[in-house]
Amino acid sequence: MSRFQVVSGKGGTGKTTVAAALALALATEGRRTLLVEVEGRQGIAQLFESDALPYEERRIAVAPGGGEVHALAIDAERALLDYLQMFYKLGSAGRALKKLGAIDFATTIAPGVRDVLLTGKACEAVRRKDKQGRFVYDYVIMDAPPTGRITRFLNVNDEVAGLARIGPIHNQAQAVMRVLKSPETAVHLVTLLEEMPVQETADGIAELRAAELPVGRVVVNMVRPHLLDEDALRTASGGRRKEIAKTLTRAGVKGSAALVRPLVEQAAEHAQRVGLEREQRAVLAGLGLPLAELPLISEGVTPAALNELAEEFRKQGVGDESADAAGQTPGGGNRRGSAGGVVGS
Amino acid sequence: MTPITDVMPGLETDALLDDPGIRIVVCCGSGGVGKTTTAAALGVRAAERGRKVVVLTIDPARRLAQSMGIDRLDNVPRRVEGIEGEGELHAMMLDMKRTFDETVEAHTDAERARAILENPFYQSLSAGFAGTQEYMAMEKLGQLRARDEWDLIVVDTPPSRSALDFLDAPKRLGSFLDGKFIRLLIAPAKIGGRAGMKFLNVGMSMMTGTLGKLLGGQFLRDVQTFVAAMDSMFGGFRTRADATYKLLQAPGTAFLVVATPERDALREAAYFVERLAAEEMPLAGLVLNRVHGSEAARLSEERALAAAENLEAVGIVDQTAGKAGLGDPADPVAATSPEAPESRLSPERSNDPAPEPPQQEPPSHDRTSRSPEPHSSGRKSANLSVPPTQTEADTDVASVADETSADVSVEQLTAGLLRLHAERMQVVAREQHTRDRFTAHHPEVPVTEVAALPGDVHDLSGLRAVGELLATGSAQA
């Protein structure tokens, strides 16, 4: 199982929720994960019902078996200042740079620099070790930009190498790229069983592959349970309205005659939706990637619901393989052997 | 003018689209709420009500472009065929690089334009900078408006990390392009020459030196040449960014905030409503997409469930209960599994005609123990649709129905309908709750609701149908 798990997806598919559930799933049995966000939305804090995250790693949840999820909202500006401090001991000059708009320039205007800083910080956390030489985090999970921008976001090398051909930013881009294109990384795409998100997922996978970025799973989110055998229902209910009306009355429903038509229509709509979902599922199956599914949490995602989703991930084998991977943590040996195919071809 | 009144009203979509004073409609909202579809549907409706409309989309899904009969939307407005009546619909998709190039070409002489277009910094900026799309969307809007060829422009906004980026990005780029930092990059000596600025200048060269080290000297030189070449245009950029911003505040503009009745989308919508007010931008209302309703709403969730249980208690239904009652704690299949609450997902998967790609991890205890259970319940329901035994077939059952309906008893059927209805009522209640919370904070915002459609929009008539819903959805608001 790759140690850097990047979660992307079309807007509205719930990628922050999926990233959080994944971070919990991977943190079980005493492991430690870091969940990072890069878009300044404080989505993680909202999800875990905590205060806004500072630019500082802090524990945000405890997983079953004593594991810990830590969280960090990466801020490009702070990352740059840290970085300058680390390499140049800038001190107060950093503040002066900020006043002039230089930091703003470097983090928001200069193409790609912002992305290098954000992915760079995450990669630093992936590779960070403690004094005993063990990885500080077993996994780093990133709530990444949406599918439409993910390839460009991760493919910092292309963006930056052409511009900054030498210097630390260039070197940083190279180092980040080495991690991102290795089996240490897996990019997961979150989708719904609807046409547009599925199409966007397929396009996103093609783009990621073209850029040689390792694609992980497709996570189908907000899957609604099928309450009925919809085929049987659709075909049967149409012609049996009188019977249904009688049965409704028998079951204690008043005014059943007027209810039959809307009830049957609802069943037809449901059947149509299920049919469309089936088509989309076939498209997803054709992508040749492992799938995972998470159910719709209709009451809204609470921290308790996140635990349920994490449990669902574990039941589908996400994070199972990690048990032995975590055992190898000291020294950080080659993890490919135990990764078990989570990293796509 | 926008149809805002003192009383909490519904959003009068048609009145908005018919108002000759309205020249721009901006659709904004968070990702995945159906902004682009809404913009296209508004365009179709306005055109069919006689206006000459252009729809500017930012990043339409392929199917949406096709739904307007255009395989490839590009940076030039193309006329959409099949619009009924006197009006016209044109559609285009923003090509940010093209738009940036055209802007450069339009505002400087040929030689200088070439120097800019060939500059590596410019090339990255025009193709990749996170705010360029937003800036260029506004630039394009300004251009379309200036051409005055259309009497209504419907704009979709970019899929930003925050729905508000398109308001901020132009300012940011504008202030960068004529900010002091960039001036400094081109001419540190000029500033340093002035009395009293010497000290500052030392700081400056240290900083440009640092940036040079950080980014590489080449990069800085590219920026410097770029800035020097763009110098003559700076004023222009700023002026146009300001002009577009003013255009958005003008009474001829109407903002529609698009959302779905979900917590996150409506939270973003509320934020947007407040922000528009702060910027004095005219908000026409909220479009609430994918709203569920029920014509059988007088049958409550509780009563539907109770009735379903009544029927299932009769005993005939136990076979389907595994399917119809998944997730029900009393359900015999689910009850055997310690994983009852989650197991409802699995039957569907095993039922799926499309082979699921194997989960490629090595088999583990967990996995093998999990598999058989969902399969068994899945098979059970699959059997439902096999043997056509005619015995129960109703006289008026259509022939197609015979294959499947035969062994579905009317109790099973009715219980299924009731459970489905209960689920629907639950969704309706949740959406209503989310919506009420929004209205409590923003009672002044007119709302129109668009009912959830089972499938995606594929063609003009689909867009027309959405337009109809947009126009009539304020009735229940």
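These values consider heavy atoms only, across backbone and side chains, with no hydrogens, waters or symmetry-generated copies. Just so it is clear: chains get the letters A, B, ... in the order the sequence lines come, proteins before strands, and each one is counted from 1. Just so you know, these numbers come straight off a predicted model, no measurement behind them.
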So which residue, [options], ends up with the most heavy-atom pairs under 4.5 Å with chain B?
| options | answer |
| --- | --- |
| A:V301, A:T13, A:L259, A:V260 | A:L259 |
| A:R261, A:K10, A:E194 | A:R261 |
| A:R273, A:Q46, A:K246 | A:Q46 |

Engaged part of [X] at the chain A interface, taking heavy atoms whose separation is under 4.5 Å:
| X | result |
| --- | --- |
| B:T37 | side chain |
| B:L453 | neither |
| B:E262 | neither |

Subject >> Among the listed options B:R303, B:R430, B:R263, the residue most often paired with chain A at heavy-atom distances under 4.5 Å >> reply: B:R430
Original post:
With distance as the sole criterion, is a donor-acceptor pair present between the side chains of A:Q266 and B:S294 under 3.5 Å?
Top reply: yes
Original post:
Can a donor-acceptor pair be found between the side chains of A:D143 and A:T16 at a distance below 3.5 Å?
Top reply: yes
Subject >> Polar side-chain atom of B:H421 near backbone of B:A296 as donor-acceptor pair, under 3.5 Å >> reply: yes
Original post:
Between B:E431 and B:R290, is there a side-chain N and carboxylate O pair less than 4.0 Å apart?
Top reply: no
Original post:
Could you walk me through whether A:E195 and B:H458 pass the side chain to side chain donor-acceptor pair (under 3.5 Å) check?
Top reply: CA-CA 10 Å; A:E195 198 174 327; B:H458 288 145; 2.8 Å; yes
**OP:** Enter the distance from A:D115:CG to A:R149:CZ here, rounded to the nearest 0.5 Å.
**Re:** 8.0 Å
**OP:** Check whether any side-chain heavy atom of A:L294 lies under 4.5 Å from a side-chain heavy atom of A:V220, and answer yes or no.
**Re:** no
Original post:
Tell me, side chain or backbone of A:L276 under 4.5 Å from chain B's heavy atoms, or both, or neither?
Top reply: side chain
Subject >> Heavy-atom contact with chain B under 4.5 Å, split by part of A:E265 >> reply: side chain
